[in-house]
Colleague: 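Quick one: this structure, given as structure tokens, is what I'll be asking you about.
By convention in this document, chain letters (A, B, ...) are assigned in the order of the sequence lines, proteins followed by strands, and residues within each chain are numbered from 1. Here the structure is a predicted model, which is why all the values come from computation and not from measurement.
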There are 2 protein chains.
Amino acid sequence: MAEKDSSSDRGGSKRSAKPTINDVARLAGVSKKTVSRVINRSPLLNEETRERVEAVIRRLGYVPNPQARALALGRNFLVGLIHDNPNAQMVLNVQQGILEALQGTDFEMVVRPVDRNSSMMLDDVRAFLERQRLFGVVLLPPISEDDSLARLCDEVGCRYVRMGSVQLDDAAHMVASNDREAVREAITYLIQMGHRLIGLIEGPDGFRSARERRLGFEDALSTAGIGLPRSLIAAGNYTFETGVSAANRLFDLSPRPTAIFASNDEMAAGIVYAARERGVSVPDDLSVIGFDDTPIAAHIWPPLTTVRWPIVSMARSAARKLVGDVVDGEAPDDQPSMLASMLIRRGSVAPPPRT
Amino acid sequence: MAEKDSSSDRGGSKRSAKPTINDVARLAGVSKKTVSRVINRSPLLNEETRERVEAVIRRLGYVPNPQARALALGRNFLVGLIHDNPNAQMVLNVQQGILEALQGTDFEMVVRPVDRNSSMMLDDVRAFLERQRLFGVVLLPPISEDDSLARLCDEVGCRYVRMGSVQLDDAAHMVASNDREAVREAITYLIQMGHRLIGLIEGPDGFRSARERRLGFEDALSTAGIGLPRSLIAAGNYTFETGVSAANRLFDLSPRPTAIFASNDEMAAGIVYAARERGVSVPDDLSVIGFDDTPIAAHIWPPLTTVRWPIVSMARSAARKLVGDVVDGEAPDDQPSMLASMLIRRGSVAPPPRT
DNA sequence: ATTGCTCATGACACCGGTTTCCATTATGAC
DNA sequence: GTCATAATGGAAACCGGTGTCATGAGCAAT
């Protein structure tokens, strides 16, 4: 310890020295490179040599050092998840999907929540990407809708795949669902039940998902020849609380809508909550449809009819796009870029009251 | 490309060569070592030299390569989160706490969900730890209660900190809350409201959190001199569904309990759901208290009175324990090992009905 | 026997940092 | 002015892998 430049290694760690590729090579009587070939399943390798080396590897319990590999290869084995989504279940589902795709590979997932309202957001992400030199990132909505983030990834040479409600990028960089079509179906279902006065609680301005869902809503109504007064559209921002207040605004309308579609389940749960507060019965007086099919949808009373967003599959597909060609030579667009949502019918929809 | 050992680098990546420490050294007219000293804030360095080097670093936008650092230092900068907790909000809160603690350090967080029911679990985790050579891991309940996991970490030389409902390990390896005391308070509150027939929906067998919460429940009753018939205790496993079925079992009792405490919010939400199904009014006919204060608690009707588990602070504290001494020479037990829960009073508790 | 080819393997440099060890320079005491 | 000492900076080794290229063996064709 001639120089105390850095913090000293506090002695305790009795981490028994891990065997290295050199140890394996020496004991097997071959060169490092040959061991490296065994590890990487090189085809041009004598079967007998391979077995001898593998035996030594097993005996020593040798595991290649990922840091060294990362350095030598000039890339690491980290896939990042960048998100600013407040919905815990959604984020966790995405993590699950990514991890499923990474299962059995050398890749790990690192998670990076960001604050889209911060002016530093882009700088933060840039610093993160440059520092960590991630292999690639998955971008979760709503921040995935931001083109400047995608450009940033390009700039720093980091692969990316965006998830979203609509195709915003080419197939290699995008996994989308078709929200518009799914909402159209849901609203058509309400219309078939007899509803004519249907309210909409929108997602926040500037979110593509919000816009797509609204477009699906409008499509269904205009196809059925039903007009849509401005007053039936209430603003929300995907939180439970705005669901409550938007619902209250719609309840004050006269005539009152007999059904409300909320652009996500949180807000739909807010509608149900507000209805209880006001003594409005769901579904007898009011039908409610949400979007996402997060657990809350099934766990409130009455259980919510909602559109299931195929979030886990989307995430899995996104991660495969990212690492597929490295892992098994698969082309990045072998993975689907468009996945379908589906309507889940539960107890929050009924025909409108007779009055 | 003489040898096609590994998958070829698909050409596209026009990642402009990142500046290295050599570039900085050359342009600043100093040696690598000097640049390294600047990066690591070595004190024995001429002020003028430092400034010159820093200027070059800024000009080049140089960022040290973490992989190379990890290799040279013999440790990486990854903190793992190992969990098998099905509660999304809880997992995400823990992630948030860990990331807060890691903020501004060179550490990143990798997430590893495991399946505690799999016989391969320990082997999987061992493979994970050995492969990735993580700096340390945070263990989330319920799997954190498993001593064999902690022993495994010791064995492979990986630091760990366990989170839990009771002190299961020494202060350097544990961050706990005091569930027992918190539940005692909650039940005492029910007793003060006049309840005498109080049901309990337990967490799964073998979970320390479940046991501690039950002990707190029993403590409060016996302190108040209230007996606890076996029939008032129903089994659950922390899921919404078992909350529903356990509640139904308690509803069939005669006399029916006037209050039920559930060992977590999911199950408490199940009670409220079941009550609605049966036409039992909460809180008029039945008071309900949950545990955790996850968002669902505030988002159902009526909003749940519950015990807030200080999960974010616990996670932050756990992560600081892990990296503290490396980051700023802080002793690992400068961080608290015990954090307090608190009762959040909302709308699901009222005095018992007169009858 | 010589040439030409393929196959299996090894020597060696390299990735980008940190550390060791030594050389040089600056400082201060005499 | 000289010498001892401390402050500073550089050369080279090292961390543990991978890539490049050379080499020797084995074998078929000439």
Colleague: Using ring centroids (six-membered ring only for Trp), state whether Phe77(B) and Phe135(B) fall under 6.0 Å.
Modeller: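 When the ring centroids of Phe135(B) and Phe77(B) are compared, they turn out to be at least 6.0 Å apart.
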Colleague: Starting at the 5' end of DNA chain D and moving along, which residue's nearest nucleotide shows up first, Arg52(B) or Ala72(B)?
Modeller: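 Comparing both residues, the 5'-ward one is Arg52(B).
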Colleague: Which nucleotide in the set dG16(C), dG17(D), dG10(C) lies at the smallest distance from any side-chain heavy atom of Leu71(A)?
Modeller: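 From the listed options, dG16(C) comes nearest.
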Colleague: Can a donor-acceptor pair under 3.5 Å be found between the side-chain atoms of Arg133(B) and the base atoms of dG16(D)?
Modeller: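 No pair found.
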Colleague: For the residue pair Arg52(A) / Asn46(A), report whether a side-chain donor-acceptor contact shorter than 3.5 Å exists.
Modeller: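 Not at all, the side chains of Asn46(A) and Arg52(A) share no donor-acceptor pair under 3.5 Å.
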Colleague: When you measure from the side-chain N and O atoms of Asn40(A) to the phosphate of dT18(D), is any distance below 4.0 Å, counting only OP1 and OP2?
Modeller: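 It does, given that an N or O in the side chain of Asn40(A) lies less than 4.0 Å from OP1 or OP2 of dT18(D).
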Colleague: Okay, side chain of Asp23(A), backbone of Thr20(A): is any donor-acceptor separation there less than 3.5 Å?
Modeller: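 Checked: pair present.
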Colleague: Rounding to an integer number of Å, can you tell me how far Asp106(B) CG sits from dG17(C) P?
Modeller: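 Those two atoms, CG and P, are 13 Å apart.
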Colleague: Using atom CG of Asn65(B) as one end and atom C1' of dG16(C) as the other, report the distance to the nearest whole Å.
Modeller: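 After rounding, the gap between these two atoms is 6 Å.
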Colleague: Side chain of Ser337(A), backbone of Ala171(A): donor and acceptor closer than 3.5 Å?
Modeller: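 Yes, Ser337(A) side chain to Ala171(A) backbone: donor-acceptor pair under 3.5 Å.
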Colleague: Quick one: Lys18(A) NZ to dC15(D) C1', roughly how many Å, whole number?
Modeller: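 Answer to the nearest Å: 14 Å.
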Colleague: Go through dG16(C), dG10(C), dG10(D) for me and flag the one nearest to the Thr34(A) side chain.
Modeller: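 Output: dG10(C).
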Colleague: Just to be sure I understand the geometry, which residues of residues 21-32 of chain B put a non-hydrogen atom under 4.0 Å away from DNA chain D?
Modeller: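 Those residues are Gly29(B), Val30(B), Ser31(B).
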Colleague: Can you find a heavy atom in the side chain of Tyr160(B) that is under 4.5 Å from one in the side chain of Leu152(B)?
Modeller: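 Answer no - side chains too far apart.
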Colleague: Would you mind reading off the distance between Asn76(B) atom CG and dG16(D) atom P, rounded to a whole angstrom?
Modeller: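 These atoms are roughly 14 Å apart.
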Colleague: For the pair made of CD1 in Ile39(B) and C1' in dG17(C), what is the distance, rounded to whole Å?
Modeller: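 Going from Ile39(B) (CD1) to dG17(C) (C1'), I get 8 Å.
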Colleague: So, is Arg37(B) close to the dG9(D) phosphate, meaning a side-chain N or O under 4.0 Å from OP1 or OP2?
Modeller: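 Checking dG9(D) against Arg37(B), no side-chain N or O comes under 4.0 Å of OP1 or OP2.
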Colleague: In whole Å, what is the span from the OH atom of Tyr62(B) to the C1' atom of dG17(C)?
Modeller: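 Rounding to the nearest Å, OH of Tyr62(B) and C1' of dG17(C) are 7 Å apart.
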Colleague: Would you mind reading off the distance between Arg131(A) atom CZ and dG17(C) atom C1', rounded to a whole angstrom?
Modeller: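 Atom-to-atom, Arg131(A) to dG17(C), this comes out as 14 Å.
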Colleague: Should Ser36(A) be listed as having a side-chain N or O under 4.0 Å from OP1 or OP2 of dT18(D)?
Modeller: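 Answer is yes, contact under 4.0 Å.
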Colleague: With a non-hydrogen cut-off below 4.0 angstrom, is Leu45(A) in contact with a base, only sugar-phosphate, or nothing?
Modeller: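 The answer is sugar-phosphate, as Leu45(A) gets under 4.0 Å only of primed atoms, P, OP1 or OP2.
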Colleague: Round to a whole Å and report the spacing from CZ of Arg75(A) to P of dG17(D).
Modeller: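 Checked: the CZ to P distance equals 16 Å.
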Colleague: Can you identify which nucleotide, out of dA8(C), dT18(D), dG9(D), has its nearest atom closest to the Asn46(A) side chain?
Modeller: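 That would be dA8(C).
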Colleague: Whether the Ser42(A) and Asn40(A) side chains hold a donor-acceptor pair (N or O, under 3.5 Å, no angle test) is what I'd like checked.
Modeller: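 Looking only at side-chain atoms, Asn40(A) and Ser42(A) do not form any donor-acceptor pair under 3.5 Å.
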Colleague: Can you name the closest pair of heavy atoms from Ala315(A) and Met163(A) and give their distance?
Modeller: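 Residues Ala315(A) and Met163(A), closest heavy atoms: N-CE, 3.8 Å.
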